[in-house]
K.L.:
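Okay, handing you the structure first.
Sequence lines set the chain letters: A, B, ... in the order given, protein chains first and strands last, and positions in each chain run from 1.
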Number of protein chains: 2
Amino acid sequence: MMTETMRDRNGLTEQEFLQRYDASIYERPSVTVDMLIFTVFDKEQVNYRKLPEKSLQLLLIKRGEHPYLGQWALPGGFVSMRESIEEAAQRELKSEANIENLYMEQLFTWGDVARDPRTRVISSSYMALVDRTALDVKAGDDAEDARWFEVNYQVFQEKKTILEGGYEFERLIKITLKHEAELLTATVKITTTITGRTRRISREIVGSHGLAFDHAKIMDYAIERLRNKIEYTDIAFHLMPPLFTLSELQQVYEVILGKELLAAAFRRKLAPMVTETNEFTKDAGHRPSKLYRFNPNWENT
Amino acid sequence: MMTETMRDRNGLTEQEFLQRYDASIYERPSVTVDMLIFTVFDKEQVNYRKLPEKSLQLLLIKRGEHPYLGQWALPGGFVSMRESIEEAAQRELKSEANIENLYMEQLFTWGDVARDPRTRVISSSYMALVDRTALDVKAGDDAEDARWFEVNYQVFQEKKTILEGGYEFERLIKITLKHEAELLTATVKITTTITGRTRRISREIVGSHGLAFDHAKIMDYAIERLRNKIEYTDIAFHLMPPLFTLSELQQVYEVILGKELLAAAFRRKLAPMVTETNEFTKDAGHRPSKLYRFNPNWENT
DNA sequence: TCAATAGTGTCTATTAGACAGTATACC
DNA sequence: GGTATACTGTCTAATAGACACTATTGA
């Protein structure tokens, strides 16, 4: 099909049409990316015997400008005309966490009319998972006021209402972000309405302290996705250092899923994804643990 | 935190800042929505005994303007400044298929720099599932040259290359769209690269006949998502009429998954999602089949 | 009667959950 | 020796796959 030589109703070829095309006549939104950069830290060790607890951490930036001056926001920025959305996300990741070549995934594009008070802003959110040992220590501690916050995610109310031919399901999620004395909280209401042949999910921020824009909503979405995907993919390994013990791996799963797992079943399920090494942990105050590495070929063996 | 009264480095309050904010100084992309509207049709009945086969159908529109004049594209349009992306998608759905209140889900936002030859266009794709019996028959047959195309999706080559610390996996997908004499084809190459701690998936169109823009890529993504989600959610019911037989339901699963299923296991698995009625099919040329309806409450019983 | 679909029963294989029990370092 | 974690074995429950077998209609 030679569209190059076809003429439209004005008698123009494609080339002629494109030369005359004026994109400036329409008003256009701004497009940004918002990055959800997660990692896992060890908390303080309680005593020489206890394993240190793990915590899920999210990188936030203190806003130095209006709007939401002084509040905390997801790192991100405008997508320029000469880069793809993906490239913009990579660029932000590099500039905020100084990390390249890691796991990154587009989550959702947020397009409510009034989500930014400045102007119409449409934002694609990306989730990135990084291994804390590969992190540039500078990042998260520079002049830009970037900080790692410990994430807590909790469903604290569920309500089901039966409707004619379906039901409405309401969940209240409480998200808490902590960095030293700084404590940010947000409550997000997720409403799932199912009636007849329709299903609609809406997310609404019902309370937010210290968090800018609609970022609590985006965090909620991201954590939900992370919790889901960790169950049926191998993305958790992007949070791990090259060598790790199965107990550490289990701790990472537990902190993300927010529940305890049984060691036997966990090991059985993850066995095909890892390769054992001959190395062990040392100075543990208890039986040493074998170190493993990720086996990228696990799916087809 | 009273951000309303805080002043920034220029001594402005948030309100003053917003009043002076000039969004026009940055160049901005256009934002559009692309709709993947799927339904299922019965094909011709071979003889009075055989059940009619089902086919998965996708709504496409013949382009009446440059670029890609004369080729077929996904329905869609620009997101205006006064509507959310979601509202734009709903509006397109209403205008193309004359359907409101149905299943719709955001898939992915495509943001390559040169995906539209006119100007920088970022596009959010939405998948909608409709029941053909609820369809306005006019839709898909109007002046706009909208047509339902039968979708065929086939993996026709898989190649795995072991790399140091990982592998590269390449799949070639052939998508065929058929409406009477019109036959559109496209080949999409999906490359998954896993090395060390990175995983990257890229999609590339390696051949496309009659399909506009990068829409073959978007279709590939949508069909993959549809295949995935039908296995662990109840979205398939949005493709069904209010009353249906379990065999029809199974046919819908089979045509989407591209493989045959065992009836016993299928019925066991779907039993909780449906409620039986006292009605039966008639004039079937074989044993009549009980009619069922969707049970929206299946998840919590 | 028979072609074609509708629907059920049951055996097997696989996987997840539960939990007891053994192993082993360091202080 | 005692404490805390590391790791394994095994019973059970739940689920998916395979397939045979019975049921029922219209022409």
Side-chain angles (χ1 to χ4, degrees), chain A residues 42-54 228 230-233 243-255 257 259-293 298-299 301, chain B residues 42-54 230-233 240 243-255 257 259-293 298-299 301:
Chain A
D42 282 353
K43 291 204 205 177
E44 283 290 290
Q45 206 165 3
V46 184
N47 71 48
Y48 82 97
R49 282 209 148 117
K50 284 259 189 201
L51 274 184
E53 266 185 76
K54 305 253 180 229
N228 266 316
I230 203 179
E231 298 255 37
Y232 65 94
T233 69
L243 289 178
F244 50 85
T245 70
L246 291 182
S247 299
E248 285 177 311
L249 186 59
Q250 184 175 342
Q251 281 183 299
V252 169
Y253 273 77
E254 287 176 340
V255 75
L257 293 172
K259 67 177 181 200
E260 310 234 307
L261 303 173
L262 290 167
F266 180 80
R267 278 153 188 268
R268 238 179 352 216
K269 189 174 160 188
L270 276 99
M273 303 191 196
V274 295
T275 316
E276 63 176 39
T277 67
N278 295 319
E279 293 176 69
F280 287 84
T281 54
K282 282 183 295 211
D283 310 314
H286 47 77
R287 175 173 171 182
S289 180
K290 190 169 271 185
L291 290 168
Y292 291 79
R293 62 175 78 251
W298 69 275
E299 269 166 312
T301 27
Chain B
D42 283 352
K43 291 203 205 178
E44 282 289 291
Q45 205 165 4
V46 184
N47 70 48
Y48 81 98
R49 280 207 149 117
K50 284 257 190 203
L51 276 183
E53 266 183 78
K54 305 251 181 234
I230 203 179
E231 298 254 37
Y232 66 95
T233 70
M240 306 304 294
L243 290 178
F244 51 85
T245 69
L246 291 182
S247 298
E248 285 178 312
L249 185 60
Q250 184 175 342
Q251 281 183 299
V252 169
Y253 272 77
E254 288 176 340
V255 74
L257 294 173
K259 67 177 181 200
E260 310 232 307
L261 303 174
L262 290 167
F266 181 79
R267 279 154 186 267
R268 240 182 347 218
K269 188 174 159 188
L270 278 103
M273 302 191 196
V274 295
T275 316
E276 64 175 39
T277 68
N278 295 320
E279 294 176 70
F280 287 84
T281 53
K282 281 184 297 215
D283 309 315
H286 48 76
R287 176 173 171 181
S289 180
K290 189 169 272 185
L291 290 169
Y292 291 79
R293 63 174 78 250
W298 70 274
E299 269 166 314
T301 28

K.L.:
Grab the two heavy atoms, one from A/Arg293 and one from A/Leu243, that are nearest each other, plus how far apart they are.
P.N.:
NH2-CD2, 3.8 Å
K.L.:
Kindly give the heavy-atom pair with the smallest separation between B/Lys54 and B/Lys43, and that separation in Å.
P.N.:
O-CE, 4.3 Å
K.L.:
Should A/Arg267 be listed as having a side-chain N or O under 4.0 Å from OP1 or OP2 of D/dC7?
P.N.:
yes
K.L.:
What is the distance, to the nearest angstrom, from the CD atom on A/Glu276 to the C1' atom on D/dT8?
P.N.:
14 Å
K.L.:
Please report, rounded to the nearest Å, how far the C1' atom of D/dA18 is from the CG atom of B/Leu261.
P.N.:
13 Å
K.L.:
Assuming nearest nucleotide by heavy-atom distance, tell me which of A/Ser247 and B/Ala263 is located more 5' along DNA chain D.
P.N.:
A/Ser247
K.L.:
Once you round it to whole Å, what is the distance between C1' of D/dT15 and CZ of B/Phe266?
P.N.:
16 Å
K.L.:
For A/Pro52 versus A/Asp42, what's the shortest heavy-atom pair and its separation?
P.N.:
CG-OD2, 4.0 Å
K.L.:
Could you check whether any side-chain N or O of B/Ser289 sits under 3.5 Å from a backbone N or O of B/Thr281, counting only pairs where one atom can act as donor and the other as acceptor?
P.N.:
no
K.L.:
Expressed as a whole number of angstroms, how long is the span from A/His286:NE2 to D/dA4:P?
P.N.:
10 Å
K.L.:
A/Glu248 has an atom CD; how far is it from atom C1' of D/dC7, in whole Å?
P.N.:
16 Å
K.L.:
Atom CD in B/Glu231, atom NZ in B/Lys269: separation rounded to 0.5 Å?
P.N.:
5.0 Å
K.L.:
Identify, between B/Lys269 and A/Pro288, the residue whose nearest nucleotide on DNA chain D lies closer to the 5' end.
P.N.:
A/Pro288
K.L.:
What is the 5' to 3' range of DNA chain C, first to last nucleotide, that sits under 4.0 Å from any heavy atom of chain A?
P.N.:
C/dA16 to C/dC27
K.L.:
Working to the nearest 0.5 angstrom, can you tell me the gap between A/Tyr292 OH and A/Arg267 CZ?
P.N.:
6.0 Å
K.L.:
I need the minimum non-hydrogen distance between A/Trp298 and A/Pro272, along with the two atoms involved.
P.N.:
CB-O, 2.9 Å
K.L.:
Categorize B/Lys282 for me: base, sugar-phosphate, or nothing, with a 4.0 angstrom heavy-atom threshold over every strand shown.
P.N.:
nothing
K.L.:
Measure the angle between the two terminal helix axes of the helix from C/dT1-D/dA27 to C/dC27-D/dG1, five base pairs each, and quote it to 10°.
P.N.:
0°
K.L.:
Quickly work out the B/Lys50 NZ to D/dA27 C1' distance and round it to whole Å.
P.N.:
17 Å
K.L.:
What are the two closest non-hydrogen atoms of A/Ile230 and A/Tyr253, and how far apart are they?
P.N.:
O-CE2, 3.3 Å
K.L.:
Atom CG of residue position B/Asn47 - does it have more than 12 heavy atoms of other residues, nucleotides or ligands inside 6.0 Å?
P.N.:
yes
K.L.:
Hey, what are the protein-to-nucleotides 10-12 of chain D N/O distances that come in under 3.5 Å?
P.N.:
residue: D/dT10; atom: O4; partner: A/Arg268; partner atom: NH1; Å: 3.4

K.L.:
Is A/Leu262 touching bases, backbone alone, or none of the nucleic acid, heavy atoms closer than 4.0 Å?
P.N.:
base
K.L.:
Could you tell me the separation between the CG atom of A/Leu291 and the CG atom of A/Leu246, rounded to the nearest 0.5 Å?
P.N.:
9.5 Å
K.L.:
So A/Tyr232 and B/Tyr232, would you call those rings parallel, tilted or perpendicular, with 30° and 60° as cut-offs?
P.N.:
tilted
K.L.:
Write down the atom of A/Gln250, the atom of A/Leu261, and the distance for their closest heavy-atom approach.
P.N.:
NE2-O, 2.9 Å
K.L.:
For B/Ser289 and B/Gly285, take the nucleotide of DNA chain C holding the closest heavy atom to each; which residue's nucleotide lies nearer the 5' end?
P.N.:
B/Gly285
